[in-house]
Q: 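Input: one structure, supplied below.
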Amino acid sequence: MSFLETVILGSIAGLTIFLGLPLARIRVVAPRYMAFLNALAIGILFFLFVDIVEHAISPIEDAIRAEPGTLPLLLGVLIGGFGIGLLSLVYYMRRASLGPGFTATNLAIAIATGIGLHNFSEGLAIGSSAQKGDLTLALTLVVGFGLHNVTEAFGIAAPLAGRRPSWALLGLVGIIGGGPNFAGTIIGYTFSSPAVSVLFLSVAAGAVVFVIGELFASGRKLSSPLWNGWGIGIGFFAGLLTDFILIAVGA
């Protein structure tokens with residue numbers, strides 16, 4: 001996959017967030033449908049976490065067999081990257097929640113910023129995988145993150161629901177939330193090494209764990225356990241099926 005193709009696909013994965021933002025301009029949305037879509041994103045993310053971790057530990061397994069001297073470095077990168085991806089967003093959202101007088105607009109921007117940080121990690125994973133020639137993972141990440149970003153938009157739109165926000169505001173939070181995929185994809189494609197690959201993937205894994213936690217918290221507020229269960233199951237197997245299809249067509 002060429003650099004330009006990779007950047008375009010990485011950008012698409014991030015900018016699909018715009019497909020969900022118009023929800024903020026709809027006055028009434030049935031809680032059960034919101035619960036289902038929220039849970040669908042959780043299921044997709046569960047699959048992505050498993051897939052990302054599998055690829056992140058692959059260089060470590062190779063080092064155990066062939067280059068034990070690089071093992072401490074790779075393990076340190078794996079642990080450190082996961083901590084950065086997870087805890088950076090935890091501390092960011094904690095700091096944002098302590099701010100005085102948060103308006104609905106400020107809260108939406110803060111949520112979009114947190115999502116943007118994790119989307120940057122996703123771009124790193126996409127670019128790194130494509131540069132390594134691992135097109136199955138790269139395309140799976142693009143499809144999976146793209147689908148997930150549509151539902152991520154619901155988290156941004158929620159504080160604005162019923163307030164008829166302007167299209168300019170929705171465009172701003174969309175760029176903040178989805179734009180970092182573009183920069184992350186460029187960096188991930190430009191620099192490649194086993195350690196860099198493990199770092200990028202582990203950062204993405206940590207970010208995915210954070211977002212799963214946030215989506216679970218949102219799902220509980222919607223009080224629709226049946227819809228949550230169906231959404232998680234369908235989302236997980238949809239991600240798995242996507243992976244099988246990409247392998248079958250030789251991606």
Side-chain angles (χ1 to χ4, degrees), residues 1-3 5-7 9-10 13-14 42 44-93 114-146 148-149 180-214 236 239-240 242-244 246-247 251:
M1 186 179 293
S2 70
F3 174 76
E5 291 171 335
T6 303
V7 171
L9 287 176
I42 294 174
I44 292 171
L45 278 179
F46 268 132
F47 165 75
L48 287 175
F49 177 76
V50 172
D51 204 38
I52 291 170
V53 170
E54 177 186 358
H55 287 80
I57 65 175
S58 179
I60 297 176
E61 293 174 342
D62 293 340
I64 292 174
R65 289 189 290 264
E67 299 181 79
T70 63
L71 185 58
L73 171 63
L74 293 177
L75 283 174
V77 169
L78 177 68
I79 296 171
F82 185 87
I84 291 171
L86 174 62
L87 296 178
S88 62
L89 294 182
V90 170
Y91 279 105
Y92 170 80
M93 292 304 291
I115 290 174
L117 290 172
H118 118 265
N119 278 344
F120 181 79
S121 301
E122 293 177 355
L124 293 177
I126 292 170
S128 177
S129 301
Q131 199 279 336
K132 288 170 52 187
D134 195 342
L135 301 187
T136 299
L137 176 60
L139 291 174
T140 301
L141 290 175
V142 169
V143 173
F145 284 142
H148 168 61
N149 281 340
N181 266 87
F182 176 79
T185 300
I186 293 175
I187 295 174
Y189 191 94
T190 304
F191 301 97
S192 180
S193 72
V196 171
S197 177
V198 171
L199 175 63
F200 288 170
L201 290 169
S202 61
V203 170
V208 165
V209 169
F210 172 81
V211 175
I212 287 175
E214 293 299 300
F236 181 84
L240 193 62
T242 301
D243 193 33
F244 288 158
L246 290 171
I247 294 172

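Reckoned from all heavy atoms, side chains included, excluding hydrogens, waters and symmetry mates. Note that the numbering runs from 1 along the sequence shown for the chain.
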Q: Find the distance between CZ (Phe120) and CG (Asn181) and round it off to the nearest 0.5 Å.
A: 10.0 Å
Q: What is the distance from atom CD1 of Ile52 to atom OG of Ser202, rounded to the nearest 0.5 Å?
A: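 Result: 10.0 Å between the selected atoms.
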Q: Let me see the working for Phe3 and Ile186 under side-chain contact (heavy atoms from CB on, under 4.5 Å), right down to the final yes or no.
A: CA-CA 8 Å; Phe3 174 76; Ile186 293 175; 4.0 Å; yes
Q: Would you please test Tyr189 and Val7 for side-chain contact (heavy atoms from CB on, under 4.5 Å) and show each step?
A: CA-CA 9 Å; Tyr189 191 94; Val7 171; 6.0 Å; no
Q: Which residue pairs pass the side chain to side chain donor-acceptor pair (under 3.5 Å) test when at least one of the two sits in residues 63-84, sequence neighbours left out?
A: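 For residues 63-84: Asp62-Arg65.
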Q: Please report the interatomic distance CD1(Ile187) to CZ(Phe182), rounded to the nearest 0.5 Å.
A: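 The CZ atom of Phe182 is 10.5 Å from CD1 of Ile187, to the nearest 0.5 Å.
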Q: Check the pair Phe82, Val203 against side-chain contact (heavy atoms from CB on, under 4.5 Å), reporting the backbone distance first and the verdict last.
A: CA-CA 5 Å; Phe82 185 87; Val203 170; over 6 Å; no
Q: If you look at every heavy atom in Pro59 and Ala56, which pair is closest and at what distance?
A: CD-O, 3.3 Å
Q: Please assess Leu9 against Ile126 for the test side-chain contact (heavy atoms from CB on, under 4.5 Å), listing each intermediate value before the final yes or no.
A: CA-CA 9 Å; Leu9 287 176; Ile126 292 170; 5.6 Å; no
Q: For the atom pair CG (Leu78) and CG (Leu73), what is the distance rounded to the nearest 0.5 Å?
A: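 Spacing of CG (Leu78) from CG (Leu73) equals 11.0 Å.
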Q: Of the non-hydrogen atoms in Thr6 and Gly127, which two are nearest, and what is the gap between them?
A: CG2-CA, 4.0 Å
Q: How long is the gap from CG on Leu86 to OH on Tyr91, to the nearest 0.5 Å?
A: 10.0 Å
